[in-house]
J.: 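Okay, here's the structure, questions in a sec.
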Number of protein chains: 2
Amino acid sequence: MSRVDRSRTSASQDAVTVDLSAVIVTASPDGPLVLVRSQDGAAPLALPAGPLEPQHRTLEAGLRNWVEELTGYNLGYVEQLYSFGDANRHASARGQTSRSLSIGYIALVRETRPKQSSDISWASWYRFFPWEDMRSGDEPGVMTRIRESIAGWIAEAPHDARQDRESRSTNAFGKSGDRWNEELVLERYELLYEIGLVPEAHRDGAACWAPREAAIVEAESLQSDHRRILATGISRLRGKIKYRPVVFELMPPRFTFLQLQRTVEALAGIELHKPNFRRLVENQGLVEETGSVSTNTGGRPARLLRFRRDILRERPTIGVGLPSARSQKG
Amino acid sequence: MSRVDRSRTSASQDAVTVDLSAVIVTASPDGPLVLVRSQDGAAPLALPAGPLEPQHRTLEAGLRNWVEELTGYNLGYVEQLYSFGDANRHASARGQTSRSLSIGYIALVRETRPKQSSDISWASWYRFFPWEDMRSGDEPGVMTRIRESIAGWIAEAPHDARQDRESRSTNAFGKSGDRWNEELVLERYELLYEIGLVPEAHRDGAACWAPREAAIVEAESLQSDHRRILATGISRLRGKIKYRPVVFELMPPRFTFLQLQRTVEALAGIELHKPNFRRLVENQGLVEETGSVSTNTGGRPARLLRFRRDILRERPTIGVGLPSARSQKG
DNA sequence: CACCTTATTCTCAAACATAGTCTAAGTCAG
DNA sequence: CTGACTTAGACTATGTTTGAGAATAAGGTG
């Protein structure tokens, strides 16, 4: 059972450093927040990352360990996202002999207490992805400008690349009227990167169509490939809430229907139909009444609910539905 | 932009070796096959695995590279599965100073030509997971025996663990009549591991309820944690075919509806309703007619179809539906 | 030709989703 | 105290998708 049976295991792979990056998410009344670490000076923000230490029994244990040490937060739900390991993961790594490998995780925490003691703070994830917040349509007009840039990119395509560019962008961003697929966060980011509309593309020296100045000004970027990791995390979470009751990891012990709906909307970046949302959550038996009501609703008092923790045992493959992306008819 | 900003990056993490393990899948008339590597003597089979070499630009490129070198197959679809890195990933690793990290991938190939030149061969994945093939109910009775063992495990639970054991097993394996969720491959394997019904649990020295002799005799195990990786791969693939047209990576250029259905059934391990399957695939516009027919059907000739490759551009988030696990009413 | 096999088309009801309307029960300004 | 405003929560009408099955078509074979 020993590893010697691996005939091709070579010595050339030893110079690998592994670290764990975390997309740590919480929900506030102002929307989804993500934990970021500020650098010295005007350097871009970074996701918290820590080393993989030998004493950790599992990768996840390692992650929980250093995050809880660093922040004092109690991680609720934790899930591995993806392992990122391009040789040019960040510009400075080119020509480096050691490859750096980063295993991304997403974690949900309930507590928002500042804990700003250090260089750690919470930031709305829409600071980095303003185009992902479609709750009030394209209110600040970011999307309109993105679409214009993309239109230019398509128009200037060499003949054989035209169709491809067209379909990739309609797929990621939808046709103006067409249905927006809120899960394609990573696809959208990667398309913008490729076109050159995010600064990272220029920083990495990628060959892009758009000049550096064309970068979307409303969006803040992150260190190295952290915006890509964050995109992966948002994508995953937006998908997950549909078939697993993970939103409740972000809710207080007691909440109203509308609070729950607002949280889901904030995560998904889209608005939902109130009566239908209520019916769905009710029918799935995800919540039960606490008996008390919340009077500070601004209108009629709302019943306070609690998550039915039993449901996890009855059928864990259940979630709070969104207009499903399945029925994207052409 | 350099890595020095990572305050906690310690020197203690250097002794990590990374390798890429691959679940390489193809479909044959006899069901889904997975590429395995035989060891010397009576040692269990292994998944092919190769080192991460510094010259590979991306992880995926590295994987494609050595797999194609090793097997000569042309990998079609490739997707990262999960990074496995428990300190005791295999028994011999305990007490070892260097941690071994394995990044699992799933890859689909169309060609089945033997290529048995070396120690590499194809094996039905149900050899390792006989209980995952429910196409003809519980025909060989494996499942019945598993359920009996599980019943014993529940019966002998200490009072406070009873409910938990009960719900975990009904969730993974379903109640006798209840709907079987074909995606929970990993959950089922891990439950069996924990109970002690797979030899790996005893090999790893895990504390289990069942004695070593109780291991499910119909199932063959794999080296180290490879059966776990395979379970992850099957799970992912079973999920993916529902919303992405990946099955077609396993189909010949021209095929009939029934061939397509049989392939999906073989992967999912369940039977499907013929007219409904046809309707679904037709409505989604996944296929088009070639004009010719296949006469060796044993009955009325069937039209030969081809995959509409354009669909990938029109709407990539589409797949061949299975009875959706969503509507698992209590 | 009778009969077996698979292909292909229809039908029908149940379940679900979408997009509303309408009523209830609070707060707050005057 | 009233009327405007706010949110809660129940209900309705309509269309779409699914699950299960019957009915018909078109080949082969004894």
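Within every chain, numbering begins at 1; the chains are lettered A, B, ... in the order of the sequence lines, protein sequences first and strands thereafter. Note that the structure is a prediction, hence the values are computed from the model and not measured.
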J.: Counting distance only, does the side-chain N/O of R147(B) pair as donor-acceptor with the main-chain N or O of F173(B) below 3.5 Å?
T.: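 Pair found, side chain donor or acceptor close to backbone of F173(B).
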J.: Tell me which residues in residues 291-306 of chain B put a heavy atom below 4.0 Å from DNA chain C, sorted by number, or none.
T.: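 Heavy-atom cutoff 4.0 Å gives T297(B), G298(B), G299(B), R300(B), P301(B), A302(B), R303(B).
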J.: Please report, rounded to the nearest Å, how far the P atom of dA24(C) is from the CG atom of L258(A).
T.: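 My rounded result for the distance is 21 Å.
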J.: Rounded to whole angstrom units, what separation is found between the CG atom of N283(A) and the P atom of dC11(D)?
T.: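 The distance from CG of N283(A) to P of dC11(D) comes to 13 Å, rounded to the nearest Å.
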J.: For the pair K240(B) and E183(B), find out whether any cationic side-chain nitrogen is under 4.0 Å from an anionic carboxylate oxygen.
T.: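 Between E183(B) and K240(B) there is no salt bridge, as every charged N stays at least 4.0 Å from the carboxylate O atoms.
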J.: Could you give the CD-to-P distance, from E271(B) to dA20(D), as a whole number of Å?
T.: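 Rounded to whole Å, this separation is 13 Å.
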J.: Atom CZ of F257(B) and atom P of dA25(D): how far apart are they, to the nearest Å?
T.: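 F257(B) atom CZ is separated from dA25(D) atom P by 20 Å.
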J.: Under a 4.0 Å threshold between the charged nitrogen and the carboxylate oxygen, would E132(A) count as salt-bridged to R188(A)?
T.: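 Here R188(A) pairs with E132(A) in a salt bridge, since their nearest N and O are under 4.0 Å apart.
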J.: Does anything in residues 273-281 of chain B reach DNA chain D, meaning a heavy atom under 4.0 Å, and if so which residues?
T.: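 Here the set is H273(B), P275(B), N276(B), R279(B), L280(B).
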J.: Does N276(A) have any side chain to side chain donor-acceptor pair (under 3.5 Å) partners at least two apart in sequence or in another chain, and if so, which?
T.: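 With sequence neighbours excluded, N276(A) shows a side chain to side chain donor-acceptor pair (under 3.5 Å) to R279(A), given in chain and number order.
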J.: Would you mind checking if R262(B) and E265(B) are paired as a salt bridge, meaning a charged N to carboxylate O distance below 4.0 Å?
T.: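 Salt bridge between E265(B) and R262(B), a charged N being under 4.0 Å from a carboxylate O: yes.
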J.: Is any side-chain N of the basic residue among E187(B) and R168(B) closer than 4.0 Å to the acidic one's carboxylate O?
T.: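 Judged by the 4.0 Å cut-off on N to carboxylate O distance, E187(B) and R168(B) do not form a salt bridge.
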J.: Could you tell me whether R145(A) and E218(A) make a salt bridge, using a distance below 4.0 angstrom between a side-chain N and a carboxylate O?
T.: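 E218(A) and R145(A): salt-bridged.
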J.: If I take atom CG in residue L260(B) and atom P in nucleotide dT8(C), what distance separates them, rounded to the nearest angstrom?
T.: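 Rounded to the whole Å, the gap is 13 Å.
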J.: Whole Å only: how far is the CD atom of Q284(A) from the P atom of dA15(C)?
T.: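 To the nearest whole Å, that distance equals 15 Å.
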J.: Any side-chain to backbone donor/acceptor pair from Q261(B) onto L272(B)? Under 3.5 Å, distance only.
T.: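 Checking the backbone N and O of L272(B) against the side chain of Q261(B), a donor-acceptor pair under 3.5 Å is found.
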